[in-house]
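First comes the structure, then the notes that go with it.
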Amino acid sequence: MMPLHTESCVTLAGLVQRGELSAVEVTRYFLDRATRANPALGAFLYIDAEGALAQAATLDAQRASGVALGALAGVPVALKDNLCTRGVPTTCASRILEGYVPPYDAHVVEALRSAGAVVIGKTNMDEFAMGSSNENSAYFPARNPWNTAYVPGGSSGGAASATASSLVMGALGSDTGGSVRQPGAFCGVVALKPTYGRVSRYGLIAFASSLDQIGPFARNTRDAARFLGVISGHDARDATSATREVEDYESACGEDLRGLRIGLVQESVAQGCDSQVAKGLLEAIEILKRKGCTITDVSLPHAKYAVAVYYLVATAEASSNLARFDGMRYGLRVNAEDLPSTYENSRGQGFGPEVKRRIMLGTYALSAGYYDAFYLKAQKIRTLIRQDYHHAFEQCDLVLTPTSPAPAFRFNERVDDPLAMYLEDIFTLPPSLAGLAAMNVPCGFTREGMPLGMQLCGPAFSERTILRAAHAYEQEAGWHLQHPKELI
Ligand code: GLN
(Lines give C-alpha, C1' and ligand atoms only; values in the text may rest on other atoms or scores of the structure.)
Protein backbone atom coordinates (compact mmCIF):
# COMPACT_ATOMS: atom_id res chain seq x y z
CA MET A 1 0.00 0.00 0.00
CA MET A 2 1.14 3.58 -0.64
CA PRO A 3 2.66 5.30 2.41
CA LEU A 4 -0.34 6.92 4.03
CA HIS A 5 1.37 8.58 6.98
CA THR A 6 2.97 11.29 4.88
CA GLU A 7 -0.40 12.44 3.52
CA SER A 8 -2.39 15.26 5.08
CA CYS A 9 -5.67 14.67 6.93
CA VAL A 10 -7.46 16.61 4.25
CA THR A 11 -6.17 14.29 1.50
CA LEU A 12 -6.72 11.12 3.51
CA ALA A 13 -10.31 12.06 4.46
CA GLY A 14 -10.98 12.74 0.77
CA LEU A 15 -9.73 9.29 -0.24
CA VAL A 16 -11.94 7.61 2.35
CA GLN A 17 -14.96 9.79 1.53
CA ARG A 18 -14.70 8.81 -2.13
CA GLY A 19 -14.18 5.15 -1.30
CA GLU A 20 -10.69 5.03 -2.83
CA LEU A 21 -9.44 3.67 0.48
CA SER A 22 -11.44 1.87 3.12
CA ALA A 23 -11.40 3.19 6.67
CA VAL A 24 -10.46 -0.30 7.87
CA GLU A 25 -7.35 -0.38 5.63
CA VAL A 26 -6.28 3.04 6.88
CA THR A 27 -6.90 2.07 10.48
CA ARG A 28 -4.90 -1.17 10.15
CA TYR A 29 -2.02 0.79 8.63
CA PHE A 30 -1.84 3.28 11.50
CA LEU A 31 -2.48 0.71 14.23
CA ASP A 32 0.49 -1.19 12.88
CA ARG A 33 2.70 1.93 12.97
CA ALA A 34 1.56 2.87 16.46
CA THR A 35 2.06 -0.62 17.85
CA ARG A 36 5.53 -0.98 16.37
CA ALA A 37 6.82 2.47 17.34
CA ASN A 38 5.35 2.69 20.81
CA PRO A 39 8.03 0.70 22.66
CA ALA A 40 10.62 3.26 21.50
CA LEU A 41 8.43 6.35 21.85
CA GLY A 42 6.11 5.69 24.79
CA ALA A 43 3.61 7.99 23.12
CA PHE A 44 0.56 5.84 23.89
CA LEU A 45 -0.65 4.65 27.27
CA TYR A 46 -3.35 2.62 25.55
CA ILE A 47 -3.84 1.52 21.96
CA ASP A 48 -7.46 0.65 21.26
CA ALA A 49 -7.09 -1.68 18.26
CA GLU A 50 -10.47 -3.31 18.72
CA GLY A 51 -12.37 -0.05 19.18
CA ALA A 52 -10.59 1.62 16.26
CA LEU A 53 -11.29 -1.25 13.86
CA ALA A 54 -14.94 -1.41 14.93
CA GLN A 55 -15.30 2.32 14.36
CA ALA A 56 -13.64 2.04 10.95
CA ALA A 57 -15.89 -0.87 9.94
CA THR A 58 -18.94 1.24 10.84
CA LEU A 59 -17.66 4.05 8.62
CA ASP A 60 -17.15 1.68 5.70
CA ALA A 61 -20.65 0.25 6.17
CA GLN A 62 -22.11 3.75 6.27
CA ARG A 63 -20.36 4.69 3.06
CA ALA A 64 -21.50 1.49 1.37
CA SER A 65 -25.09 2.36 2.26
CA GLY A 66 -24.73 5.80 0.68
CA VAL A 67 -24.15 7.96 3.77
CA ALA A 68 -21.79 10.89 3.10
CA LEU A 69 -18.87 10.67 5.55
CA GLY A 70 -17.66 13.60 7.65
CA ALA A 71 -14.71 15.99 7.37
CA LEU A 72 -12.33 13.57 9.13
CA ALA A 73 -13.54 10.36 7.50
CA GLY A 74 -11.18 7.54 8.44
CA VAL A 75 -8.55 9.94 9.85
CA PRO A 76 -6.60 8.24 12.66
CA VAL A 77 -6.33 10.40 15.77
CA ALA A 78 -5.01 10.12 19.29
CA LEU A 79 -6.39 11.63 22.47
CA LYS A 80 -4.54 12.85 25.52
CA ASP A 81 -5.37 10.55 28.41
CA ASN A 82 -7.25 13.24 30.34
CA LEU A 83 -10.07 13.21 27.78
CA CYS A 84 -12.85 10.85 28.79
CA THR A 85 -13.55 8.05 26.35
CA ARG A 86 -16.51 5.73 26.85
CA GLY A 87 -15.38 2.19 27.54
CA VAL A 88 -11.69 3.07 27.09
CA PRO A 89 -9.35 3.55 30.09
CA THR A 90 -8.61 7.16 31.02
CA THR A 91 -5.89 7.62 33.62
CA CYS A 92 -4.38 11.12 33.35
CA ALA A 93 -1.11 9.13 33.54
CA SER A 94 -1.79 8.78 37.27
CA ARG A 95 -1.86 5.72 39.52
CA ILE A 96 -4.92 7.14 41.23
CA LEU A 97 -6.99 6.64 38.07
CA GLU A 98 -5.51 3.27 37.18
CA GLY A 99 -8.33 1.07 35.90
CA TYR A 100 -10.82 3.94 35.52
CA VAL A 101 -13.09 3.47 32.50
CA PRO A 102 -15.38 6.45 31.88
CA PRO A 103 -19.04 5.82 31.10
CA TYR A 104 -19.14 8.72 28.62
CA ASP A 105 -17.22 10.51 25.85
CA ALA A 106 -15.90 14.06 26.22
CA HIS A 107 -17.57 16.61 23.94
CA VAL A 108 -14.51 16.71 21.68
CA VAL A 109 -14.48 12.93 21.39
CA GLU A 110 -18.13 12.91 20.31
CA ALA A 111 -17.34 15.66 17.81
CA LEU A 112 -14.34 13.82 16.35
CA ARG A 113 -16.20 10.55 16.09
CA SER A 114 -19.18 12.10 14.38
CA ALA A 115 -16.83 13.71 11.85
CA GLY A 116 -15.52 10.21 11.09
CA ALA A 117 -12.17 10.36 12.92
CA VAL A 118 -10.94 7.00 14.22
CA VAL A 119 -9.53 6.97 17.74
CA ILE A 120 -6.32 4.91 17.74
CA GLY A 121 -5.53 5.36 21.41
CA LYS A 122 -4.87 7.45 24.48
CA THR A 123 -1.62 9.35 24.78
CA ASN A 124 0.93 9.72 27.51
CA MET A 125 1.19 12.93 29.50
CA ASP A 126 2.55 14.43 32.67
CA GLU A 127 0.38 13.25 35.54
CA PHE A 128 -2.82 15.34 35.63
CA ALA A 129 -1.24 17.59 32.97
CA MET A 130 1.27 19.00 35.44
CA GLY A 131 4.67 19.31 33.84
CA SER A 132 6.67 20.37 30.82
CA SER A 133 8.65 17.26 29.93
CA ASN A 134 6.48 14.14 30.32
CA GLU A 135 8.81 12.96 33.04
CA ASN A 136 5.89 13.23 35.48
CA SER A 137 3.94 10.39 33.87
CA ALA A 138 3.35 7.74 36.54
CA TYR A 139 3.88 5.00 33.94
CA PHE A 140 6.79 5.75 31.57
CA PRO A 141 7.88 8.90 29.76
CA ALA A 142 6.95 9.67 26.18
CA ARG A 143 9.98 10.45 24.02
CA ASN A 144 10.83 12.95 21.31
CA PRO A 145 10.81 11.31 17.85
CA TRP A 146 13.54 13.66 16.56
CA ASN A 147 15.89 12.14 19.13
CA THR A 148 14.60 9.78 21.79
CA ALA A 149 17.22 10.97 24.29
CA TYR A 150 15.24 14.23 24.44
CA VAL A 151 11.95 14.99 26.14
CA PRO A 152 8.92 15.60 23.91
CA GLY A 153 7.77 18.48 26.13
CA GLY A 154 4.67 18.45 28.24
CA SER A 155 2.24 17.95 29.42
CA SER A 156 0.69 16.62 26.17
CA GLY A 157 4.02 15.02 25.18
CA GLY A 158 2.56 11.74 23.94
CA ALA A 159 0.10 13.52 21.66
CA ALA A 160 2.88 15.66 20.18
CA SER A 161 5.22 12.69 19.80
CA ALA A 162 2.55 10.52 18.12
CA THR A 163 1.69 13.32 15.69
CA ALA A 164 5.30 14.22 14.86
CA SER A 165 6.18 10.59 14.15
CA SER A 166 3.01 10.12 12.05
CA LEU A 167 1.61 7.32 14.20
CA VAL A 168 -1.63 9.28 13.81
CA MET A 169 -2.61 12.17 11.57
CA GLY A 170 -3.39 14.44 14.48
CA ALA A 171 -4.19 14.47 18.16
CA LEU A 172 -5.96 16.44 20.84
CA GLY A 173 -4.25 17.70 23.95
CA SER A 174 -5.17 20.05 26.74
CA ASP A 175 -3.42 23.34 27.38
CA THR A 176 -3.62 25.01 30.78
CA GLY A 177 -0.39 26.99 30.60
CA GLY A 178 1.27 25.72 27.45
CA SER A 179 0.72 21.98 27.39
CA VAL A 180 -0.31 21.91 23.75
CA ARG A 181 1.99 24.64 22.41
CA GLN A 182 5.23 23.70 24.19
CA PRO A 183 5.27 19.99 23.24
CA GLY A 184 4.24 21.17 19.77
CA ALA A 185 7.41 23.28 19.69
CA PHE A 186 9.62 20.51 21.07
CA CYS A 187 8.32 17.96 18.55
CA GLY A 188 8.04 20.29 15.55
CA VAL A 189 4.29 20.17 14.91
CA VAL A 190 1.51 22.70 14.63
CA ALA A 191 -0.23 23.02 18.00
CA LEU A 192 -3.10 25.35 18.74
CA LYS A 193 -4.60 26.52 22.01
CA PRO A 194 -7.99 27.99 21.15
CA THR A 195 -9.55 30.95 22.94
CA TYR A 196 -10.91 30.04 26.38
CA GLY A 197 -14.49 28.93 25.76
CA ARG A 198 -14.09 28.10 22.06
CA VAL A 199 -13.95 24.34 22.70
CA SER A 200 -16.13 22.63 25.31
CA ARG A 201 -14.29 21.20 28.32
CA TYR A 202 -17.07 18.67 28.99
CA GLY A 203 -15.31 15.39 29.67
CA LEU A 204 -11.84 16.91 30.08
CA ILE A 205 -10.59 15.93 33.52
CA ALA A 206 -10.06 19.32 35.15
CA PHE A 207 -6.68 20.68 36.21
CA ALA A 208 -7.26 24.46 36.48
CA SER A 209 -10.74 25.20 35.20
CA SER A 210 -10.26 28.91 34.46
CA LEU A 211 -7.32 28.07 32.17
CA ASP A 212 -7.92 24.60 30.71
CA GLN A 213 -8.61 24.46 27.00
CA ILE A 214 -8.47 21.59 24.51
CA GLY A 215 -6.52 22.02 21.29
CA PRO A 216 -5.30 20.10 18.24
CA PHE A 217 -1.87 18.90 17.12
CA ALA A 218 -1.32 18.42 13.40
CA ARG A 219 1.57 18.24 10.95
CA ASN A 220 0.35 21.18 8.91
CA THR A 221 -1.80 24.23 9.45
CA ARG A 222 -4.67 23.27 7.19
CA ASP A 223 -5.14 20.00 9.07
CA ALA A 224 -5.11 21.91 12.37
CA ALA A 225 -7.78 24.24 10.95
CA ARG A 226 -9.93 21.25 10.05
CA PHE A 227 -9.59 19.75 13.54
CA LEU A 228 -10.42 23.09 15.13
CA GLY A 229 -13.56 23.45 13.03
CA VAL A 230 -14.72 19.99 14.09
CA ILE A 231 -14.19 20.40 17.85
CA SER A 232 -15.31 24.05 18.25
CA GLY A 233 -18.77 25.28 19.08
CA HIS A 234 -21.21 25.84 21.87
CA ASP A 235 -21.96 23.03 24.29
CA ALA A 236 -24.45 23.59 27.09
CA ARG A 237 -22.66 21.02 29.26
CA ASP A 238 -19.73 23.42 29.80
CA ALA A 239 -20.90 26.62 31.48
CA THR A 240 -17.93 28.55 30.05
CA SER A 241 -18.54 27.40 26.47
CA ALA A 242 -18.82 30.37 24.08
CA THR A 243 -21.97 30.88 22.05
CA ARG A 244 -20.11 32.71 19.32
CA GLU A 245 -20.46 31.22 15.87
CA VAL A 246 -17.69 28.93 14.59
CA GLU A 247 -15.86 30.43 11.62
CA ASP A 248 -14.59 28.71 8.50
CA TYR A 249 -11.01 28.18 9.62
CA GLU A 250 -9.81 26.25 6.60
CA SER A 251 -10.54 29.08 4.21
CA ALA A 252 -8.03 31.22 6.12
CA CYS A 253 -5.32 28.91 4.77
CA GLY A 254 -4.33 30.48 1.49
CA GLU A 255 -5.29 34.08 2.24
CA ASP A 256 -2.42 36.50 1.82
CA LEU A 257 -0.74 38.45 4.61
CA ARG A 258 -0.58 41.92 3.11
CA GLY A 259 -1.20 44.52 5.77
CA LEU A 260 -1.13 42.08 8.69
CA ARG A 261 0.55 43.72 11.68
CA ILE A 262 2.73 41.47 13.81
CA GLY A 263 3.86 42.74 17.20
CA LEU A 264 7.22 41.49 18.37
CA VAL A 265 7.66 41.36 22.12
CA GLN A 266 11.20 42.68 22.38
CA GLU A 267 11.66 41.45 25.96
CA SER A 268 11.07 37.90 24.76
CA VAL A 269 14.09 37.87 22.47
CA ALA A 270 16.31 40.05 24.61
CA GLN A 271 15.82 38.26 27.93
CA GLY A 272 17.19 34.84 28.61
CA CYS A 273 16.10 33.17 25.41
CA ASP A 274 18.34 30.52 23.84
CA SER A 275 20.37 31.94 20.92
CA GLN A 276 19.15 29.31 18.45
CA VAL A 277 15.53 30.01 19.42
CA ALA A 278 16.13 33.76 18.88
CA LYS A 279 17.77 33.10 15.52
CA GLY A 280 14.87 30.92 14.36
CA LEU A 281 12.43 33.64 15.34
CA LEU A 282 14.35 36.40 13.57
CA GLU A 283 14.56 34.35 10.39
CA ALA A 284 10.81 33.71 10.55
CA ILE A 285 10.24 37.45 10.85
CA GLU A 286 12.09 37.99 7.58
CA ILE A 287 9.73 35.54 5.86
CA LEU A 288 6.67 37.19 7.40
CA LYS A 289 7.92 40.57 6.16
CA ARG A 290 8.40 39.19 2.67
CA LYS A 291 4.82 37.93 2.77
CA GLY A 292 3.61 41.47 3.41
CA CYS A 293 3.43 41.69 7.21
CA THR A 294 4.55 44.79 9.03
CA ILE A 295 6.51 44.20 12.21
CA THR A 296 6.10 46.52 15.18
CA ASP A 297 7.55 46.40 18.66
CA VAL A 298 5.07 45.84 21.44
CA SER A 299 5.52 45.46 25.15
CA LEU A 300 3.79 43.28 27.72
CA PRO A 301 5.15 44.88 30.89
CA HIS A 302 3.39 42.51 33.31
CA ALA A 303 4.16 39.27 31.45
CA LYS A 304 7.23 38.81 33.63
CA TYR A 305 4.91 38.02 36.55
CA ALA A 306 3.10 35.30 34.60
CA VAL A 307 5.04 32.39 36.07
CA ALA A 308 4.33 33.48 39.65
CA VAL A 309 0.69 34.26 38.91
CA TYR A 310 0.08 31.02 37.05
CA TYR A 311 1.68 28.81 39.69
CA LEU A 312 -0.66 30.36 42.28
CA VAL A 313 -3.88 30.37 40.27
CA ALA A 314 -3.36 26.96 38.66
CA THR A 315 -2.28 25.23 41.87
CA ALA A 316 -5.18 26.81 43.80
CA GLU A 317 -7.68 25.53 41.26
CA ALA A 318 -5.95 22.15 41.08
CA SER A 319 -6.09 21.71 44.85
CA SER A 320 -9.83 22.10 44.64
CA ASN A 321 -10.37 20.06 41.46
CA LEU A 322 -8.25 17.14 42.62
CA ALA A 323 -10.14 16.84 45.92
CA ARG A 324 -12.55 14.48 44.14
CA PHE A 325 -9.88 11.78 43.92
CA ASP A 326 -10.43 10.30 47.34
CA GLY A 327 -10.27 6.59 46.63
CA MET A 328 -14.04 6.23 46.95
CA ARG A 329 -15.42 6.92 43.52
CA TYR A 330 -12.77 6.24 40.89
CA GLY A 331 -9.57 4.29 40.40
CA LEU A 332 -7.22 3.31 43.18
CA ARG A 333 -8.36 2.68 46.76
CA VAL A 334 -5.92 1.69 49.49
CA ASN A 335 -8.03 0.47 52.40
CA ALA A 336 -7.10 1.18 56.01
CA GLU A 337 -8.87 0.70 59.34
CA ASP A 338 -10.80 3.98 59.21
CA LEU A 339 -12.07 6.41 56.60
CA PRO A 340 -9.53 9.24 57.08
CA SER A 341 -6.64 6.77 56.78
CA THR A 342 -8.21 5.25 53.66
CA TYR A 343 -8.31 8.73 52.11
CA GLU A 344 -4.73 9.39 53.18
CA ASN A 345 -3.42 6.10 51.88
CA SER A 346 -5.27 6.33 48.59
CA ARG A 347 -4.14 9.89 47.90
CA GLY A 348 -0.69 9.31 49.36
CA GLN A 349 -0.02 6.33 47.13
CA GLY A 350 -2.14 7.40 44.17
CA PHE A 351 -0.61 10.82 43.43
CA GLY A 352 2.97 11.37 42.28
CA PRO A 353 5.37 13.95 43.76
CA GLU A 354 4.63 16.84 41.37
CA VAL A 355 0.87 16.51 41.85
CA LYS A 356 1.33 16.46 45.62
CA ARG A 357 3.54 19.54 45.42
CA ARG A 358 0.87 21.42 43.45
CA ILE A 359 -1.97 20.36 45.77
CA MET A 360 0.03 21.56 48.78
CA LEU A 361 1.02 24.85 47.13
CA GLY A 362 -2.57 25.50 46.06
CA THR A 363 -4.04 24.61 49.43
CA TYR A 364 -1.56 26.95 51.11
CA ALA A 365 -2.33 29.80 48.71
CA LEU A 366 -6.04 29.49 49.46
CA SER A 367 -5.77 29.12 53.22
CA ALA A 368 -7.20 31.73 55.57
CA GLY A 369 -4.79 34.61 56.11
CA TYR A 370 -2.85 33.92 52.91
CA TYR A 371 -5.69 34.22 50.44
CA ASP A 372 -5.41 38.02 50.08
CA ALA A 373 -1.62 37.98 49.92
CA PHE A 374 -1.36 35.26 47.28
CA TYR A 375 -4.48 34.21 45.43
CA LEU A 376 -6.21 37.58 45.31
CA LYS A 377 -2.99 39.37 44.37
CA ALA A 378 -2.40 36.84 41.59
CA GLN A 379 -5.91 37.45 40.23
CA LYS A 380 -5.24 41.19 40.13
CA ILE A 381 -2.01 40.74 38.20
CA ARG A 382 -3.83 38.37 35.87
CA THR A 383 -6.10 41.31 34.99
CA LEU A 384 -3.06 43.52 34.35
CA ILE A 385 -1.63 40.93 31.97
CA ARG A 386 -4.95 40.85 30.13
CA GLN A 387 -4.83 44.65 29.86
CA ASP A 388 -1.28 44.51 28.48
CA TYR A 389 -2.59 42.46 25.57
CA HIS A 390 -5.48 44.83 25.13
CA HIS A 391 -2.99 47.67 24.65
CA ALA A 392 -0.73 45.59 22.42
CA PHE A 393 -3.65 44.69 20.14
CA GLU A 394 -4.27 48.38 19.52
CA GLN A 395 -0.97 48.35 17.62
CA CYS A 396 -0.92 44.90 16.05
CA ASP A 397 -3.11 41.98 14.98
CA LEU A 398 -0.93 39.20 16.36
CA VAL A 399 1.81 39.05 18.98
CA LEU A 400 4.89 36.98 18.18
CA THR A 401 7.22 35.36 20.74
CA PRO A 402 9.16 32.13 20.89
CA THR A 403 6.94 29.30 22.16
CA SER A 404 9.52 28.16 24.65
CA PRO A 405 12.71 29.93 25.76
CA ALA A 406 14.81 26.89 24.81
CA PRO A 407 14.44 23.86 22.53
CA ALA A 408 13.82 20.32 23.83
CA PHE A 409 16.25 19.21 26.54
CA ARG A 410 17.52 15.78 27.50
CA PHE A 411 15.84 13.50 30.03
CA ASN A 412 16.76 14.09 33.67
CA GLU A 413 18.31 17.49 32.93
CA ARG A 414 15.72 19.45 34.92
CA VAL A 415 13.87 17.00 37.15
CA ASP A 416 15.64 18.10 40.32
CA ASP A 417 14.75 21.74 39.88
CA PRO A 418 10.98 22.30 39.65
CA LEU A 419 11.47 26.06 39.40
CA ALA A 420 13.67 25.74 36.29
CA MET A 421 10.95 23.54 34.82
CA TYR A 422 8.28 26.15 35.63
CA LEU A 423 10.34 28.81 33.83
CA GLU A 424 9.91 26.80 30.61
CA ASP A 425 6.39 28.24 30.53
CA ILE A 426 7.30 31.94 30.48
CA PHE A 427 5.99 32.60 26.95
CA THR A 428 3.00 30.26 26.93
CA LEU A 429 1.53 31.40 30.26
CA PRO A 430 0.56 35.01 29.45
CA PRO A 431 -1.90 34.07 26.64
CA SER A 432 -3.40 31.38 28.91
CA LEU A 433 -3.89 33.81 31.78
CA ALA A 434 -5.53 36.27 29.37
CA GLY A 435 -7.74 33.53 27.81
CA LEU A 436 -6.43 34.24 24.30
CA ALA A 437 -5.87 32.07 21.24
CA ALA A 438 -2.24 31.07 20.58
CA MET A 439 -0.45 28.60 18.38
CA ASN A 440 2.95 27.01 17.98
CA VAL A 441 4.30 27.18 14.46
CA PRO A 442 7.45 25.16 13.65
CA CYS A 443 10.22 27.56 12.57
CA GLY A 444 13.35 25.51 12.00
CA PHE A 445 15.81 23.22 13.72
CA THR A 446 18.73 23.53 16.07
CA ARG A 447 22.26 22.46 15.08
CA GLU A 448 21.49 19.23 16.98
CA GLY A 449 18.46 18.64 14.75
CA MET A 450 15.79 19.44 17.34
CA PRO A 451 12.74 21.50 16.28
CA LEU A 452 12.26 25.20 17.00
CA GLY A 453 8.88 26.84 17.44
CA MET A 454 7.37 30.29 17.49
CA GLN A 455 4.13 31.37 19.10
CA LEU A 456 1.52 33.48 17.34
CA CYS A 457 -1.02 34.89 19.77
CA GLY A 458 -4.10 36.90 18.88
CA PRO A 459 -7.11 38.43 20.64
CA ALA A 460 -9.97 36.20 21.78
CA PHE A 461 -11.54 34.42 18.79
CA SER A 462 -8.75 35.37 16.39
CA GLU A 463 -8.05 31.74 15.46
CA ARG A 464 -8.72 32.52 11.82
CA THR A 465 -6.09 35.26 11.70
CA ILE A 466 -3.57 33.04 13.47
CA LEU A 467 -4.16 30.18 11.04
CA ARG A 468 -3.93 32.55 8.10
CA ALA A 469 -0.51 33.82 9.21
CA ALA A 470 0.73 30.35 10.16
CA HIS A 471 -0.31 28.83 6.85
CA ALA A 472 1.29 31.51 4.69
CA TYR A 473 4.51 31.25 6.70
CA GLU A 474 4.50 27.45 6.60
CA GLN A 475 4.04 27.31 2.83
CA GLU A 476 7.00 29.62 2.35
CA ALA A 477 9.28 28.08 4.97
CA GLY A 478 8.44 24.42 4.28
CA TRP A 479 9.48 23.03 7.68
CA HIS A 480 6.39 20.83 7.75
CA LEU A 481 7.86 18.78 4.91
CA GLN A 482 10.60 17.43 7.16
CA HIS A 483 9.87 14.29 9.13
CA PRO A 484 11.84 12.60 11.90
CA LYS A 485 13.76 9.48 10.93
CA GLU A 486 11.51 6.43 10.98
CA LEU A 487 11.88 4.40 14.16
CA ILE A 488 10.11 1.39 12.71
N1 GLN B 1 3.88 23.21 32.14
C2 GLN B 1 2.74 23.81 32.76
C3 GLN B 1 2.47 23.16 34.09
O4 GLN B 1 3.24 22.35 34.47
C5 GLN B 1 1.55 23.77 31.87
C6 GLN B 1 0.73 22.56 32.01
C7 GLN B 1 -0.48 22.55 31.16
O8 GLN B 1 -0.70 23.42 30.30
N9 GLN B 1 -1.33 21.60 31.43
O10 GLN B 1 1.53 23.43 34.77
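Each ligand, and each atom within it, is numbered from 1 in the order the structure gives.
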Considering non-hydrogen atoms of the protein only, which is the closest contact for [atom], and what is the distance?
atom                   : result
atom 7 (C) of ligand 1 : Ser179 OG, 2.4 Å
atom 1 (N) of ligand 1 : Ser132 OG, 2.8 Å
atom 5 (C) of ligand 1 : Tyr310 OH, 3.4 Å
atom 2 (C) of ligand 1 : Asp425 OD2, 3.1 Å

Applying side-chain hydrogen bond (donor to acceptor under 3.5 Å, both in side chains) as the test, list every pair that has at least one member in residues 177-188; sequence neighbours left out.
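Passing the test, one end in residues 177-188: Ser155-Ser179, Asp175-Arg181, Arg181-Ser432, Arg181-Gln455.
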Can you list the ligand 1 atoms lying under 4.0 Å from a non-hydrogen atom of [X]?
X      : answer
Ala129 : 6 (C), 7 (C), 9 (N)
Ser155 : 9 (N)
Phe207 : 9 (N), 10 (O)

Counting only heavy atoms not in Tyr46, do more than 12 sit closer than 6.0 Å to its OH atom?
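More than 12 within 6.0 Å, yes.
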Counting only heavy atoms not in His390 (residues, nucleotides, ligands), do more than 12 fall under 6.0 Å from its NE2?
no
Quick check, are the ring centers of [X] and [Y] under 6.0 angstrom apart?
X      : Y      : answer
Tyr311 : Tyr422 : yes
Trp146 : Phe186 : no
Tyr330 : Phe325 : yes
Tyr370 : Tyr364 : yes

Ligand 1 and Gly177, any nitrogen or oxygen pair closer than 3.5 angstrom?
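N/O-N/O distance under 3.5 Å: yes.
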Please check whether Gly154 reaches ligand 1 - meaning an N/O of the residue sits under 3.5 Å from an N/O of the ligand, judged on distance alone.
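Looking only at distances, the answer is no, because the N/O contact criterion of under 3.5 Å is not met.
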I'd like the name of whichever of Met421, Glu424, Arg358 reaches closest to atom 4 (O) of ligand 1 through any heavy atom.
Arg358
Where the closest heavy atom to atom 3 (C) of ligand 1 is concerned, which of Phe128, Tyr422, Tyr311 has it?
Tyr311
Not counting sequence neighbours, list each pair that qualifies as a salt bridge (Lys or Arg N to Asp or Glu O under 4.0 Å) and has a residue in residues 377-393.
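For residues 377-393: none.
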